[in-house]
Peer 1: 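Before I ask anything, here is the structure I am working with.
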Amino acid sequence: MDVQTTFLDRLFESGLLIDTGVDGLYGRSGQFEDVIAAFERLIDRFGGADGAEAMRFPPGMNRAFFEKSGYMKSFPQLAGTVHSFCGSELDHISLLQCMEVGDDWTKDQQATDIVLTPAACYPLYPTVARRGKLPMSGGLFDLQSYCFRHEPSQDPARQQLFRMREYICMGTEQHVTDFRQRWMDRGVEMMKAVGLDVTIDVANDPFFGRAGKMLANNQRDQNLKFELLIPITSVAKPTACMSFNYHQDAFGAKWGLYLEDESVAHTACVGFGLERIALALFHHHGLEVKHWPSKVRQALWG
Ligand code: ATP
Ligand code: ZN
Ligand code: MG
């Protein structure tokens, strides 16, 4: 049995995570949620004075916006769509017969207008574009959403439905790159406050296919993505618990995000993987919160 399975088993045994029978789809205990809530308050303390506009979207987004985002070009393997039964009473009878005999009853399901949100910031860009031009001082937004990615795994830090807290900045190149740097510094400081050792490294997204390799290399060469890494299930391959993404003016151009001087807005987003951060805390400080170092509990609960 490998190390990953053991940590997952211990999480199940302690009740912190609840097995659903599907890899990467877990219930969580009140204690696990309390850690996430406390860490989110820590995020609020670090970012609160910036005056970000808070918005919360459900874990599904407008399919038309999803299509326009180009997600299927880059990550078709990760996407999840919502399909529903849209048939007649007759269709219903054959549906039930299909289920009865164990045939595939899902093949006649029809696509709805909703797709599962792949990253918390996706619903934001079209929303902000609809408002009209951004002031020269830019825009700053605070989002949190469940996100879906079809990447079943026995690694508890790789879930299929997980929460991402994000700050998204829109403005001039200087403005958004300063924002990203500020959050890299804050990320290190925050993790230190809760007793976690971190490294920051340049990274790339897992763009699909052979053409995707080029996109990934380009992203890496241009330092467009950084990750804050914490060893959870492996020291050799630490887990990305935060990511810091600079989109240049790509999202601005795609969605029509303009500043008052008619220039295309640059954008950047920083994301916290909330389950991963909670798991890093449980992995490093133990499964019993009451035994965590008092300095850590102080930072989280005051
Ligand atoms: P990884 O390289 O580990 O797959 P990622 O680069 O795909 O991570 P991002 O797309 O940058 O991650 O997502 C933002 C944050 O969401 C990550 O820094 C991470 O903390 C969290 N995250 C990403 N995928 C998962 C997942 N499958 N389960 C839990 N958290 C995740
Ligand atoms: Zn984002
Ligand atoms: Mg990934």
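These values consider heavy atoms only, across backbone and side chains, with no hydrogens, waters or symmetry-generated copies. First listed ligand is number 1; within each ligand, the first listed atom is number 1.
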Peer 1: What I want to know is whether Ala240 and ligand 1 share at least one N or O pair that is separated by under 3.5 angstrom.
Peer 2: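 Yes.
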
Peer 1: Contact between ligand 1 and Ala119 is defined here as a heavy atom of the residue under 4.0 Å from a ligand atom; is it met?
Peer 2: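 Not so, Ala119 does not reach ligand 1.
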
Peer 1: Taking distance alone, no hydrogens or angles, what donor-acceptor pairs closer than 3.5 Å link side-chain atoms of residues 169-176 to residues at least two apart or in another chain?
Peer 2:
unit_1, atom_1, unit_2, atom_2, d
Thr172, OG1, His175, N, 3.2
Gln174, NE2, Asp178, OD1, 3.0

Peer 1: When you measure from atom 24 (N) of ligand 1 to every protein heavy atom, which one gives the shortest distance, and what is it?
Peer 2: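 Result for atom 24 (N) of ligand 1: Phe162 CZ, 3.5 Å.
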
Peer 1: Consider ligand 1: state whether an atom of it lies below 4.0 angstrom from any non-hydrogen atom of Met242.
Peer 2: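 For ligand 1, residue contact (heavy atoms, under 4.0 Å) with Met242 is present.
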
Peer 1: Can you pull out the closest protein heavy atom to atom 21 (C) of ligand 1? Residue, atom name and distance to 0.1 Å, please.
Peer 2: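 Atom 21 (C) of ligand 1 sits closest to the protein heavy atom Gly273 CA, 3.7 Å.
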
Peer 1: Please compare Glu275, Lys237, Lys225 and report which has the shortest non-hydrogen distance to atom 11 (O) of ligand 1.
Peer 2: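 Selected option, by shortest heavy-atom distance: Lys225.
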
Peer 1: Could you pull out the atom name of the N/O/S atom in Glu166 that is nearest the Zn ion (ligand 2)?
Peer 2: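 Output for this pair reads OE1.
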
Peer 1: Given the Zn ion (ligand 2) as the apex, I'd like the angle to SG of Cys269 and SG of Cys121, rounded to 10 degrees.
Peer 2: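 Rounded to 10°, it measures 130°.
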
Peer 1: Just one of Trp255, Tyr71, Phe75, Phe148 clears the ring-ring contact (aromatic ring centres under 6.0 Å, His included) bar with Tyr122, so which one?
Peer 2: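 Testing Tyr122 for a ring-ring contact (aromatic ring centres under 6.0 Å, His included) against Trp255, Tyr71, Phe75, Phe148 leaves exactly one candidate, Tyr71.
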
Peer 1: Stepwise, does the ring-ring contact (aromatic ring centres under 6.0 Å, His included) test hold for Phe282 with Phe32?
Peer 2: CA-CA 9 Å; Phe282 284 112; Phe32 192 94; 5.7 Å; yes

Peer 1: Will you find, in the side chains of Asp91 and Ser88, an N or O donor that is under 3.5 Å from an N or O acceptor?
Peer 2: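 Checked: Asp91/Ser88 side chains pair up, N/O donor to acceptor below 3.5 Å.
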
Peer 1: Compare Arg158, Met164, His150 and give the one whose heavy atom is closest to atom 1 (P) of ligand 1.
Peer 2: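 Nearest heavy atom to atom 1 (P) of ligand 1 lies in Arg158.
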
Peer 1: Where is the tightest heavy-atom contact between Leu134 and Val128, given as atom of each residue plus distance?
Peer 2: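 Heavy atoms of Leu134 and Val128 come nearest at CD2-CG1, 4.0 Å.
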
Peer 1: Quick check: closest heavy atoms across Lys225 and Arg180, and the distance to 0.1 Å?
Peer 2: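 So the two residues come closest at N-NH1, 3.8 Å.
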
Peer 1: Nearest heavy atom to atom 14 (C) of ligand 1 wins, so pick from Ser243, Pro118, Cys147, Gly271.
Peer 2: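 Minimum heavy-atom distance to atom 14 (C) of ligand 1 goes to Ser243.
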
Peer 1: Check whether any heavy atom of Ala157 sits under 4.0 Å from an atom of ligand 1.
Peer 2: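 Contact check Ala157 vs ligand 1: positive.
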
Peer 1: Could you tell me whether a side-chain N or O of Arg165 sits under 3.5 Å from a main-chain N or O of Gln144, the two making a donor and an acceptor?
Peer 2: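 Not a single qualifying donor-acceptor pair exists.
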
Peer 1: For atom 6 (O) of ligand 1, state which one of Arg149, Glu227, Gln159, Arg276 supplies the nearest heavy atom.
Peer 2: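 The nearest heavy atom belongs to Glu227.
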
Peer 1: Please test Phe244 against Trp183 for ring-ring contact (aromatic ring centres under 6.0 Å, His included), starting from the C-alpha separation and ending with a verdict.
Peer 2: CA-CA 8 Å; Phe244 312 87; Trp183 274 107; 8.5 Å; no

